[in-house]
Amino acid sequence: MDQPTGTPPDPTTPGDRLAAQYDQFLAAVKAEQTGIEPLADEAYDLLQWAERLTTEELGWLMGLAGRTNGPGFLAEALSEDKITSATVADLVCDVWSSAEFPDRELDRDTWRWLFDVAGFTVDGKPAARPDQPMTLFRGSVPERRTDWSWTRKRAVAERFAGGGRGRAPGRVWVCEVPPAHMLAAITGRDEDEVVVDTRGLRITEAVR
């Protein structure tokens, strides 16, 4: 498919500017082929078309593409220098939380890069990184104990260890996490989550 030509319109709000670009792009697509591409593909093409994106504009595109595509969209936009580090900080926690299995959406080096660019955040807001180690818990099968979603609440880990929602029953794991390994905190959904880079950390089964 040839790339549509011409200068996209330049309104000032995400709802106007990107929606107008999207309407123009979709009209060009429909004129060139039979049927309509999946929304994720259309959103990705629009991402490639944009020169710069605000937080609201990228969020709009990710909403169009669907939550499982959020991590890829965020990484792509940053790698192409279409967004600022402030936008990464605004969105990375939501993108992480919205992905059912974030470790499967992006490799750990890419997640590490995104969180490093964002700096430590709490619910998408820049915050001081904890200055003391923290005892954190995780509920999972043994082979996934080094994944990055941890919690300060043992009861939450026990709930996840119980399985359900496509997860096999597992065990509760515990780790004393140094501040440098804490990448972000997410307080929503009553999970009190801390995203942890588990490289080199000692993870053991919690004593009952």
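Nothing here was measured: the structure is a model prediction, and the numbers come from that model.
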Does the side chain of [Y] come within less than 4.5 Å of [X]'s, by heavy atoms?
| X | Y | answer |
| --- | --- | --- |
| Asp190 | Lys153 | yes |
| Val196 | Leu183 | no |
| Val141 | Pro169 | no |
| Cys175 | Leu136 | no |
| Leu58 | Leu74 | yes |
| Leu78 | Leu114 | yes |
| Arg152 | Met134 | yes |
| Arg52 | Thr84 | yes |

Checklist entry - Trp173 ring centre to Arg138 NZ or CZ under 6.0 Å, with the angle to the axis within 45°? => result no
Kindly compute the distance separating [atom1] ([X]) from [atom2] ([Y]), expressed to the nearest 0.5 Å.
| X | Y | atom1 | atom2 | result |
| --- | --- | --- | --- | --- |
| Trp150 | Arg145 | CH2 | CZ | 9.5 Å |
| Phe73 | Thr68 | CZ | OG1 | 9.5 Å |
| Ser98 | Met62 | OG | CE | 8.0 Å |
| Glu42 | Asp45 | CD | CG | 8.0 Å |
| Asp192 | Arg154 | CG | CZ | 15.5 Å |

What closest approach, in Å, do [X] and [Y] show between heavy atoms, and which atom pair accounts for it?
| X | Y | result |
| --- | --- | --- |
| Leu64 | Ala43 | CD2-CB, 3.7 Å |
| Val172 | Ala161 | CG2-CB, 3.9 Å |
| Ser97 | Ile186 | OG-CD1, 3.3 Å |
| Gly124 | Cys93 | N-SG, 3.8 Å |

Would a single hydrophobic cluster contain both [Y] and [X], if residues Ile, Leu, Val, Met, Phe, Trp and Tyr are joined by side-chain heavy-atom contacts under 4.5 Å?
| X | Y | answer |
| --- | --- | --- |
| Leu106 | Val88 | yes |
| Ile83 | Trp96 | yes |
| Ile203 | Trp148 | no |
| Leu46 | Val95 | yes |
| Phe120 | Trp113 | no |

Under 3.5 Å, is there a donor-acceptor pair linking the side chains of [X] and [Y]?
| X | Y | value |
| --- | --- | --- |
| Thr151 | Glu191 | no |
| Trp111 | Glu105 | no |
| Thr110 | Asp107 | yes |

Next on the checklist: Quick test of your reading: applying salt bridge (Lys or Arg N to Asp or Glu O under 4.0 Å), list the pairs with at least one residue in residues 122-137, sequence neighbours left out, ordered by first then second residue.
Outcome noted: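 Those involving residues 122-137 do not exist here.
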For the side chain of [X] and the backbone of [Y], is there at least one donor-acceptor N/O pair under 3.5 Å apart?
| X | Y | value |
| --- | --- | --- |
| Thr54 | Glu57 | yes |
| Asn69 | Ala65 | yes |
| Asp197 | Arg199 | yes |

Checklist entry - Partners of Glu76 by side-chain contact (heavy atoms from CB on, under 4.5 Å), sequence neighbours excluded? => result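 Glu76 satisfies side-chain contact (heavy atoms from CB on, under 4.5 Å) with Tyr44, Leu47, Gln48, Ser79, Glu80 only.
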Checklist entry - Can you list the steps and then say if Val177 with Val194 is a side-chain contact (heavy atoms from CB on, under 4.5 Å)? => result CA-CA 10 Å; Val177 180; Val194 179; over 6 Å; no
Item to check | Chi angles and distances behind the side-chain contact (heavy atoms from CB on, under 4.5 Å) call for Arg108, Thr146 | outcome: CA-CA 11 Å; Arg108 291 184 178 182; Thr146 61; 3.6 Å; yes
